[in-house]
2 protein chains.
Amino acid sequence: MEALADYFKVFSEPNRLAVLDTLRGGALNVTAVVERTGLSQALVSKHLKLLTIAGVVRRRPEGSLVFYEVIDKGVYKLMQQGEKLLLASRRQKINALAASI
Amino acid sequence: MEALADYFKVFSEPNRLAVLDTLRGGALNVTAVVERTGLSQALVSKHLKLLTIAGVVRRRPEGSLVFYEVIDKGVYKLMQQGEKLLLASRRQKINALAASI
DNA sequence: CTGTATTATCATGATGTCGTTATGTCGTTG
DNA sequence: CAACGACATAACGACATCATGATAATACAG
């Protein structure tokens, strides 16, 4: 349970999800991620490091650039599954509200 | 992204996952969850409240007891998908280690 | 070798989360 | 209504996480 919770924690941060989102199309270097997310360079670097440690992303230095890419695209499936449940839970909450009137 | 991150945050806490796990078989009242998890009553109550607010769990008072049950069992599928990716990422980390030797 | 671009790290402050203890609330029972 | 059991909430301390600004480390160009 502990390890699973830690794994989900990786996806529990908006900026980290935004970073992951930029990597949908394939590998990008840090600056590219910075530009596409609008986040600070230091912040992007830290999130990418965390994602690397979590085993979600692979680091590949190339010259003076460092490219990052998602290892298992199944993470996007996980996110999609999360979205789906999120929407369902919203409908649920609306129903609960309506029932309480 | 924000909302999705918040949703994943619900599953990013070991004790909360443990609580959810006790509800796999169906509705349970608070004391039953306390007994099965070994967590304090106050803590279980708080986690159940959070799960309720998140729309993951439904609260149903019955006499002096309060039963909770998972609304959409899809959350267990989400957890399963998380487990799967977690295991894959572990294999990945081992490979990365091996490659670095 | 110097300077520059790219990426990583550090130190810090602000904020959030978790768990505990104590107490409050509500329903039931005698 | 008094007492009890079940559950919820409040207050608090400990700790984790996040974002920032400044600075380091690295690779490359000139």
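The figures that follow rest on heavy atoms only: side chains count, while hydrogens, waters and symmetry mates do not. Naming convention: chains lettered A, B, ... in sequence-line order (proteins, then strands); numbering from 1 in each chain. Note that this is a predicted model, so its numbers are computed, not measured.
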For [X], report the nucleic acid contact type (base, sugar-phosphate, nothing); a contact means any heavy atom under 4.0 Å.
X	value
A:Tyr68	sugar-phosphate
B:Lys49	sugar-phosphate
A:Gln41	base

Mind checking whether [X] and [Y] have side chains closer than 4.5 Å, heavy atoms only?
X	Y	result
B:Val66	B:Leu48	no
A:Tyr68	A:Leu28	no
A:Arg16	A:Leu51	yes

Atom-pair distance ([atom1] on [X]; [atom2] on [N]), nearest Å:
X	N	atom1	atom2	result
A:Glu35	C:dT7	CD	C1'	14 Å
B:Lys46	C:dT21	NZ	P	12 Å
A:Leu28	C:dT7	CG	C1'	15 Å
A:Phe67	C:dA8	CZ	P	12 Å
A:Leu43	C:dT7	CG	C1'	14 Å
B:Lys9	C:dT15	NZ	C1'	11 Å

Please figure out whether B:Leu48 or A:Leu39 has its closest DNA chain D nucleotide nearer the 5' end.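 Here B:Leu48 is the residue nearer the 5' end.
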
For A:Gly63 and A:Ser40, find the nucleotide of DNA chain D closest to each by heavy atoms; which residue's nucleotide sits nearer the 5' end?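 The answer here is A:Ser40.
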
Find which nucleotide of DNA chain C each of A:Ala42 and A:Ser64 is nearest to by heavy atoms, and output the residue with the more 5' nucleotide.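 Final value for this comparison: A:Ser64.
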
Nearest-nucleotide 5' precedence on DNA chain C, B:Leu50 against A:Ser45: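 Comparing both residues, the 5'-ward one is A:Ser45.
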
Check for a donor-acceptor pair, side chain of [X] on one end and backbone N or O of [Y] on the other, with a separation under 3.5 Å.
X	Y	value
B:Lys77	A:Gln81	no
A:Ser45	A:Ala42	no
B:Arg58	B:Ala27	no

Is any side-chain nitrogen or oxygen of [X] closer than 4.0 Å to OP1 or OP2 of [N]?
X	N	result
B:His47	C:dG19	yes
A:Asn29	C:dT6	no
B:Arg16	C:dC18	yes

Opening and closing nucleotides of DNA chain D in contact with chain A, under 4.0 Å to non-hydrogen atoms: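 Both ends considered, the range comes out as D:dT17 to D:dC28.
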
Which word best sums up how the rings of A:Phe8 and B:Phe11 line up, parallel for under 30°, tilted for 30 to 60°, or perpendicular for over 60°?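 Aromatic pair A:Phe8/B:Phe11 classed tilted.
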
